[in-house]
Amino acid sequence: MTQQDPGLETAGRLDNIGVSKIMQIGARARELKAAGRPVIVLGAGEPDFPTPDNVKAEAIAAIEGDDSHYTPLDGTPELKQAVRQKFARENDLEFDIDQITVSCGAKQVIFNAFMATLEQGDEVIVPTPSWASYEDMVGICGARVIPVAGRPDRGFVIDAADLEQAITPNTRWLLINSPGNPSGAVYTRDDYIPILEVLKKYPRVWLLADDIYEHIVYDGVEFATPARIAPELRGRILTVNGVSKAYAMTGWRIGYAAGPSALIRAMAVVQSQSTSCPSSISQAASVEALNGPQDYLAARRQSFAERRDLVVEALNAIDGIECPSPKGAFYTYASCAGLIGRQTPAGDRIGSDTDFCRLLLEQGDVAVVPGSAFGLSLYFRISYATSIDDLREAMARLSRFVEELT
Ligand code: PLP
């Protein structure tokens, strides 16, 4: 890392921000693979499907049509219109064009929103476990994350009373990610209602809804988004989404959001001085993703559901591991609390979820991510966005690894 290079003084804003544990595990897994070990990595935060052919074709047409120039700052009119139609069609939400923004991934959308609004000392409430990047993005802006623990018995959804307790005069945002990474938590309409009631009492607190996994929900659960549930709060809700997870387009880097036009304008200022605009080709492809056929989404969802069931069943059959069945996204978040204190045949003791994941990788050839990376231990995250064969083999290895513990 540059922080350790002699002669380089990095900015103080990077002091507590580092390479995530997920990346560290990925790097170690790659090292082991390069050394010839048959490691199976269950860490990917992306669908294993290809980008749909109709979307690829639009990108190729854009290249051949010389659509190779800077676009308007925060999105082409065509893509903003497609986003607008998406919100109307799928979420029953009407937005004006000046309430829509497009960035290089949902990640940049969120970053822009925080850069545009957070001051030193501000607080952002985030239910845990949560995607690790939120904390770092908030930290770069000089603010800090206030975690509120999701209730394991409620599928990691937070209680409204816990939320209210965490609100202070410094709170600027509540960020809810549903379906959630890493737990698969899904906030239903009924889950949101008491939370939104709390927010009504605190007019200074805005709500960022990270809906990036919207299309990946199971068991007939209906996806819900706060702007639809509480129209009276729409003046302070930013609804974030993107094409990465729904359309298997993580590398195309297109995310979008809808919210109050003043916020959207401020976010465009941030974007204008960082990436200027998202890729013209990716935007053309994303118009097709949003406007084109949507029928394959259900088939992909079904495929994820089958893999979820395989993993949940296999994990719950292992003594010392407990795994609730998540209602969304493509992750399981299982407890390894029952393994703490046990030893591997090599004599290594498992003292934490980080130990468990390290030893499973080093001695069991399976890479998973410790809950500590997401702010809630003693758990580990599996991404099941990988082939059924790899999942079966990984579950067999995991089971063997645990059986051999004493
Ligand atoms: N939000 C969550 C919860 C995620 O897990 C991710 C990616 O892993 C993102 C946002 C970022 O998505 P994008 O690829 O659109 O930047």
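Given the structure is predicted, the values throughout are model-derived calculations rather than measurements. Note that the numbering runs from 1 along the sequence shown for the chain. First listed ligand is number 1; within each ligand, the first listed atom is number 1.
A donor-acceptor contact closer than 3.5 angstrom links the side chains of Thr354 and Ser372. Between the side chains of Asn54 and Glu288, at least one donor-acceptor pair of N or O atoms lies under 3.5 Å. Under 3.5 Å, the side chains of Tyr247 and Tyr296 contain no donor-acceptor pair of N or O atoms. Residues Asn291 and Gln81 have side chains that never bring a donor and an acceptor to within less than 3.5 angstrom of each other.
Here Ser103 contributes atom OG and Tyr256 contributes atom OH; the two are 12.5 Å apart, rounded to the nearest 0.5 Å.
Not a single heavy atom of Gly255 sits closer than 4.0 Å to an atom of ligand 1. Taking a 4.0 Å cut-off on heavy atoms, Tyr134 registers as neighbouring ligand 1.
Remark: ligand 1 and Asp210 share an N or O pair separated by less than 3.5 Å (distance only, no angle test).
The aromatic ring centres of Phe304 and Phe49 sit less than 6.0 Å apart.
Annotation: atom 8 (O) of ligand 1 to nearest protein heavy atom, Lys245 NZ, 2.7 Å. The protein heavy atom nearest to atom 15 (O) of ligand 1 is Ala106 N, 2.6 Å. Nearest to atom 3 (C) of ligand 1 among the protein's heavy atoms is Asn177 OD1, 3.3 Å.
Set against the non-hydrogen atoms of Ser244, the atoms of ligand 1 under 4.0 Å away are 13 (P), 14 (O), 15 (O). Remark: ligand 1 atoms within the under-4.0 Å shell around heavy atoms of Asn181 are 3 (C), 5 (O).
Nearest to atom 11 (C) of ligand 1 by heavy-atom distance, out of Tyr331, Tyr213, Trp131, is Trp131. Residue Arg253 holds the heavy atom nearest to atom 16 (O) of ligand 1 of all those in Glu46, Arg253, Met249.
Ring pair Tyr379/Tyr333 is parallel by interplanar angle, where below 30° counts as parallel and above 60° as perpendicular.
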